[in-house]
Amino acid sequence: YPAAIRYGEEALAISREADSRQDIAESLTNLGAVYRNQGDYKKAVAYAEEAYGIFKKDGNMGGVGFTLTNLAVAQHDLGRFDRAVRAYEEALAITRKAGDRVNHSNNLGNLGWAYYEQGDHRKALKRSEEALKAKQGLGDRQGTANGHSNLGNILSSLGDYRKALAHFQEAIRIFRAVGDKKGEGIALSSLGLAHVSFGDTSRGISYCDQAMAIDREIGDRQGLGTDEEILGSIQSGLEDYPKAVEHLEAALRIQREVGVPTKTAERALADVLLATGKPEPAEEVYRRLQDQAGLGSVRLKAGRFEEAAESFRQDLKDADASKDVDAMFIDQCGLGLALLGMNDLSSAREAFEKAVALVEDQRAGLAPEDRARFFSAKIRFFRRTEAYEGLIRTLAAAGQPEEAFYYSESVKARALADAIARGAANYSQVLPASLREDEEELETRIRGLRKDLEKLYRGGDLEGYADRERELTRAKKERYR
């Protein structure tokens with residue numbers, strides 16, 4: 001890179017001296033790309049912006065489209081997702097008008113990922129599916145693998161682990177076939193994180209270790225930073241806090257060296273501080289990061305229940321909008337605990353029931369053999385069982401022991417079924433035929449409702465989504481009676 005930068009700067013100086021606008025813009029574009037590859041994203045943005053201005057003023061739309069993409073990618077790398085989305089959308093319009101199928105498919109994929117980082121999962125899903133279809137139509141195997149990997153991450157955030165796993169596995173298969181080690185490493189770490197999300201921690205760590213070995217082999221510093229961050233979060237969930245701190249501090253060192261956003265690693269380290277009895281420094285980080293779920297947890301531990309409830313409510317607005325299932329679970333569970341502390345039993349019950357519904361919905365989407373440790377998984381501050389425990393405590397406090405007993409037995413039954421699944425995926429075959437038929441009929445109905453929800457979500461029909469969601473809730477209640 002130093003040699004490329006030196007020659008690039010010399011070419012730029014010559015172009016400026018000759019006052020050749022076309023040559024200046026091209027030199028700026030080339031230098032911006034080199035700086036981005038080197039990891040100097042701020043310089044990459046500066047050069048791309050100047051080149052964009054020249055191309056646009058001169059009416060060179062091909063140059064505008066190319067530099068817009070470079071600018072969007074560099075803004076994305078800096079964590080400026082709003083700016084990246086605007087640049088990708090503008091570039092997308094240019095490639096669509098020009099009939100440039102290759103760059104159009106690239107922009108679709110990048111835009112989908114920017115929407116995902118921004119938290120708009122509906123638009124992320126739509127654009128990423130369009131990108132995957134476009135890449136498949138072009139016969140672009142590497143682009144197809146990237147599309148599968150991106151969709152795996154989006155679906156995992158939406159709680160659809162079964163589909164997410166299929167996309168990750170297909171991405172890894174293609175990356176290996178085309179020899180893309182970097183893509184393989186990224187997909188492996190994402191696959192590991194998905195396994196951890198439904199409680200299969202040992203397999204999750206194994207995939208992340210494989211990703212780290214690849215990133216070391218190819219010298220991908222940014223990838224190593226992500227690997228350390230993910231492993232730190234996993235160890236935090238396992239409550240091995242010394243190992244968590246070791247990984248997270250390594251992640252922050254690398255990310256600061258490379259110049260990429262550190263928000264996720266900083267937040268994970270603050271979670272460790274809170275879990276190890278250091279709420280004051282944790283709260284400072286949460287305030288700086290504007291992390292309402294983190295602030296809610298600090299306030300919950302301190303017994304400041306009204307403040308905690310308000311923090312979780314604020315975070316829930318964003319979580320509901322993006323349909324990020326883990327974030328919704330954290331907020332509903334935290335809100336329920338805060339309301340229980342305030343003795344608002346009716347509202348606490350509502351929050352816990354919503355948290356329980358999220359858990360049941362995720363669990364139902366998994367294959368029986370993947371449910372074995374589902375309830376043991378910790379989602380940031382709370383284990384999945386805490387939603388049930390909170391609901392049971394709320395019902396008992398409200399003088400409803402029969403309902404409390406029902407939920408207590410319900411979670412025990414699910415845990416038992418999941419334990420059986422460790423040894424035999426077809427445990428349901430031991431049920432009497434009539435019960436098995438009823439269960440299968442209800443599961444088919446629930447799957448159909450979920451497909452309807454998926455279509456409505458993609459189409460942005462929020463009213464229709466709410467109606468189907470209520471119908472799904474009734475069907476799930478019928479299943480558990």
Side-chain angles (χ1 to χ4, degrees), residues 1-118 120 123-124 127 130-131 134-135 138 140 142-143 146 150 182 221-222 257-261:
Y1 294 120
I5 289 170
R6 187 173 66 255
Y7 292 136
E9 292 287 3
E10 287 173 1
L12 179 60
I14 292 167
S15 300
R16 289 193 194 279
E17 191 174 335
D19 197 26
S20 171
R21 291 175 61 80
Q22 177 73 19
D23 290 341
I24 291 169
E26 288 179 1
S27 295
L28 287 165
T29 300
N30 294 335
L31 267 170
V34 174
Y35 277 119
R36 180 185 176 263
N37 288 333
Q38 190 188 38
D40 191 339
Y41 303 121
K42 289 182 179 177
K43 280 191 178 177
V45 166
Y47 281 109
E49 284 178 334
E50 189 179 350
Y52 168 75
I54 294 170
F55 282 131
K56 190 164 188 179
K57 190 171 182 180
D58 292 352
N60 183 339
M61 297 312 292
V64 168
F66 187 73
T67 53
L68 267 173
T69 300
N70 288 351
L71 178 58
V73 170
Q75 296 283 24
H76 195 155
D77 288 329
L78 285 168
R80 299 170 180 170
F81 305 123
D82 290 348
R83 297 183 195 181
V85 163
R86 286 197 297 271
Y88 283 135
E89 288 282 15
E90 192 177 343
L92 198 63
I94 291 169
T95 51
R96 185 188 294 115
K97 189 174 180 179
D100 183 348
R101 292 176 65 203
V102 173
N103 284 317
H104 190 66
S105 67
N106 292 339
N107 286 326
L108 278 170
N110 289 333
L111 180 58
W113 192 243
Y115 274 126
Y116 170 74
E117 298 272 27
Q118 194 182 43
D120 191 336
K123 287 183 180 177
R127 291 304 194 185
E130 289 172 355
K135 288 296 183 185
L138 290 165
D140 180 351
Q142 189 164 6
N146 283 324
N150 288 351
K182 182 170 183 174
R221 296 285 293 159
Q222 186 173 347
E257 286 169 13
V258 175
V260 295

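Since we're looking at a predicted model, the values are computed, not measured. Every heavy atom of this structure was used, including side-chain atoms; hydrogens, water molecules and symmetry mates were not.
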Item to check | Pairing residues for Arg21 by the salt bridge (charged side-chain N to carboxylate O under 4.0 Å, His left out) criterion, not counting sequence neighbours | outcome: Asp58
Checklist entry - With sequence neighbours left out, what residues match Glu26 under salt bridge (charged side-chain N to carboxylate O under 4.0 Å, His left out)? => result none
Checklist entry - With sequence neighbours excluded, what pairs up with Arg16 under the salt bridge (charged side-chain N to carboxylate O under 4.0 Å, His left out) test? => result Glu50
Checklist entry - Roughly how far, to the nearest 0.5 Å, is the CG atom of Leu28 from the CD atom of Glu49? => result 11.5 Å
Could you pull out all donor-acceptor pairs under 3.5 Å where a side-chain atom in residues 68-77 meets a protein atom, sequence neighbours excluded?
unit_1	atom_1	unit_2	atom_2	d
Thr69	OG1	Gly65	O	3.1
Thr69	OG1	Asn107	OD1	3.1
Gln75	OE1	Arg80	NH1	3.1
Asp77	OD2	Arg36	NE	2.7
Asp77	OD2	Arg36	NH2	3.1

Item to check | Nearest atoms (heavy-atom pairs only) where Thr67 meets Val64 | outcome: OG1-O, 3.2 Å
Checklist entry - In chain order, what residues pass the ring pair (Phe, Tyr, Trp, His ring centres under 6.0 Å) check against Tyr47, with sequence neighbours excluded? => result Tyr35
Checklist entry - Are there more than 12 heavy atoms of other residues, nucleotides or ligands under 6.0 Å from atom CZ of Phe66? => result no
Item to check | Of all pairs that satisfy salt bridge (charged side-chain N to carboxylate O under 4.0 Å, His left out), the ones with a partner from residues 92-113, not counting sequence neighbours | outcome: none
Checklist outcome for this item: The side-chain contact (heavy atoms from CB on, under 4.5 Å) partner of Thr95 among Asn103, Val102, Leu108 is Asn103
Next on the checklist: Holding to side-chain hydrogen bond (donor to acceptor under 3.5 Å, both in side chains), I want the full list of residues that pass it with Asn106, two or more places apart in sequence or in another chain.
Outcome noted: Lys135
Next on the checklist: Holding to side-chain contact (heavy atoms from CB on, under 4.5 Å), I want the full list of residues that pass it with Asn30, two or more places apart in sequence or in another chain.
Outcome noted: none
Checklist outcome for this item: With sequence neighbours left out, the residues meeting side-chain contact (heavy atoms from CB on, under 4.5 Å) with Ser15 are Asp23, Ile24, Ser27
Item to check | Atom pair NZ/CD of Lys182 and Gln222 - distance to nearest 0.5 Å | outcome: 6.0 Å
Item to check | Distance in Å, Ile14 CD1 paired with Glu10 CD, rounded so as to fall on 0.5 Å steps | outcome: 7.0 Å
Item to check | For Tyr116, ring pair (Phe, Tyr, Trp, His ring centres under 6.0 Å) partners two or more places apart | outcome: Trp113, His121
Solution key, residues 82-94 side-chain donor-acceptor pairs under 3.5 Å, sequence neighbours excluded:
unit_1	atom_1	unit_2	atom_2	d
Asp82	OD1	Gln118	NE2	2.4
Glu89	OE2	Tyr115	OH	2.6
Glu90	OE2	Tyr52	OH	2.8

